[in-house]
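To start, the structure under review is shown below, and the notes come after it.
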Amino acid sequence: MSLAWFLQNLLNGLSIGSVYAVFALGYTLVFSILGIINFAHGAVFTLGAYLTYVLAVGEFGLNGMLAGVTLPFKLPFALALLVGAALSGLAGVAVERMAFRPLRKRGADALLALVSSLGVALILVNFIQYLFGAEIYSFPPDILGDLPPAMLFQVGEEFVAVRTIQAVLFGVSLLMLLLLVWFIQFTKRGKALRAMAENPETASLLGINVDTFVLGTFFISGVLGGLSGTLIGVSFGLAGPYFGVSYGLKTLAVIVLGGLGSIPGAVLGGLVIGLAEAFLPPDLSSFKEAVAYALLFIVLLVRPQGLLGHNAEEKV
Amino acid sequence: MLELNAATLAYGQATAVHGVSLHVRLGEIVTLIGANGAGKTTLLRAVSGLIAPKSGSITFEGRTLRGLSPDKIVRLGLAHCPEGRQVLASLSVQDNLELGAYIRSDTAGIRQDLDMVFDLFPRLRERAGQLAGTLSGGEQQMLAIGRALMCRPKLLLLDEPSLGLAPIITQGIFDIITNLNWQGVTILLVEQNAHMAMKIAHRAYVLEAGQIVAEGNAQELAGDERVRKAYLG
Ligand SMILES: Nc1ncnc2c1ncn2[C@@H]1O[C@H](COP(=O)(O)OP(=O)(O)O)[C@@H](O)[C@H]1O
Ligand SMILES: [Mg+2]
């Protein structure tokens, strides 16, 4: 347990944890305005990864409806990432129109919206499978162009490896977090969004169009989902159309751990789980997927409202 | 300016307001008084588009409000300061006021009006950076009124601004309402505190179980035996 070991795990944990945080914020934003978990968020994550893959690599896989199809162009990775994220944002908008709005207009119970979002998630995943097939896609190693795969830094007698992918993960996630915080804290529309999260009726009396803001929130949420899907995909590959579902479940643990509906909570939760996974001793590595849930369990025993969540009493 | 014509308002099957007609003319303070549960809040909510009338019509400056959502109705110059203040507790006082001007984009004018509101309620200036949820009840009421003013409304709907406030604070708020009216804001004031409302209003309506039972000049109505008995103790 040397300093280099510590720094290496810290780096690994922060880079993956920052992506969890970005992904988690997509859930949190929707939750904070509608009070509902959008189960289709994991499917949008998958979709974002596949879209970016196709845009950047220019071809589809070997099975699925579009097997063997090649695009007449290949976008540079950064551009593919942006376009993939924007298209994911539109997918988020579609999810709102299909799964949420019809129920909202009828004043249906929130639980129903949860079920309908689960339905849309399944449709989306099956659609992805139909188009892309069930195979595993991996981004080619040269996806980041001529950048070296990693840089080594000497710490004492040992080395810490900063993988370029990790730096990209961390950099993009950090940028997204800062943008989001700036938007929500300091812009007029961000403040309107907070007003709506607190009280939609009062917000509407101030001239804020609730439907537009709900739609906009789903767009941002979709962008965050698609972006984090791509980042995870570049790092670990796209393990079939369902890979977003398992990350989605893990990220649910992240937001509950951090405190449902809390933005700082989602960020903290993401980092905590990323770090916990990174610092897991190698002989326990087969339990990596369980780390998030174990942590969740422990935290909820001590703080039922999550790390940064509010008490029910405080809310009223 | 505002006209309700045989408006019937209901929550599902339960009718709360039965075919009410009333009007507010430019420059007036009109008060709508009535006991708890009479339908006053329901009526204001229908005017600002939060609930759709079951039948009858509501027009503002000759234009029907039917089918318009609340965010569209504000843009016509109609601000609603809701019952129970409804300040945005998790936002600062200043953010609350700035959101009051959400529909505007004239930065200089907004700044000017912010100053105007702060002059009107100096307490709010002292607490500009504080979260609205930490204000006292009276301060929250000031904030709610100030926020409604920030959109430069032609007509201001006030729902029980005196609710839960000490008499001295209520007096201050009513002075300000009178003042605003002098400056040209037309006001529809809903109150249970009929005494004070009648004092500052030009005309009054008395709502009882969802129906108008008396209306007229506020002074005359205050002298009416029935109204005195029922509402002025
Ligand atoms: N959201 C609601 N759902 C059903 N009934 C309501 C609702 N709000 C008010 N009411 C009923 O409508 C009637 C009028 O209420 P309200 O307009 O709040 O009266 P006031 O403001 O004069 O006290 C009451 O009988 C009340 O119980
Ligand atoms: Mg009321």
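Chain naming here is simple, since letters A, B, ... match the order of the sequence lines and numbering starts at 1 in each.
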Please find the pair of heavy atoms, one from Gly207(A) and one from Ile103(B), that lie closest to each other, and give the distance. CA-CG2, 3.7 Å
Ignoring hydrogens, what is the shortest heavy-atom contact between Ala192(A) and Tyr102(B)? Give both atom names and the distance. CB-CE1, 3.6 Å
Residue Phe297(A) excluded, over 12 heavy atoms near CZ under 6.0 Å: no
Heavy-atom closest contact (Ser204(A) atom, Leu50(B) atom, distance): OG-CD2, 3.8 Å
Check the pair Leu205(A), Gln86(B) against side chain to side chain contact (heavy atoms under 4.5 Å, CB included), reporting the backbone distance first and the verdict last. CA-CA 11 Å; Leu205(A) 289 178; Gln86(B) 310 295 341; over 6 Å; no
Considering only heavy atoms and a distance below 4.5 Å, find which of Met150(B), Lys72(B), His80(B) pairs most often with chain A. His80(B)
Under a 4.5 Å heavy-atom cut-off, does chain A meet the side chain of Ala89(B), its backbone, both or neither? both
Region of Arg85(B) in contact with chain A, defined by heavy-atom distances below 4.5 Å: neither
Among the options Glu201(A), Arg189(A), Arg194(A), pick out the one with the most heavy-atom pairs lying under 4.5 Å from chain B. Glu201(A)
Counting only heavy atoms closer than 4.5 Å, note whether Thr202(A) contacts chain B via side chain, backbone, both or neither. side chain
salt_bridge(Glu98(B), Lys188(A)) N-O dist < 4.0 Å: no
Evaluate the side chain to side chain contact (heavy atoms under 4.5 Å, CB included) criterion for residues Asn209(A) and Asp71(B): first the C-alpha distance (whole Å), next the side-chain angles of each, then the deciding distance (0.1 Å), finally the verdict. CA-CA 6 Å; Asn209(A) 185 314; Asp71(B) 61 288; 3.4 Å; yes
Got more than 12 heavy atoms from elsewhere within 6.0 Å of CZ, Arg111(B)? no
Between Ala101(B), Ser48(B), Ser90(B), which has the largest tally of heavy atom pairs under 4.5 Å with chain A? Ser90(B)
Do the side chains of Leu88(B) and Leu206(A) get nearer than 4.5 Å, heavy atoms only? yes
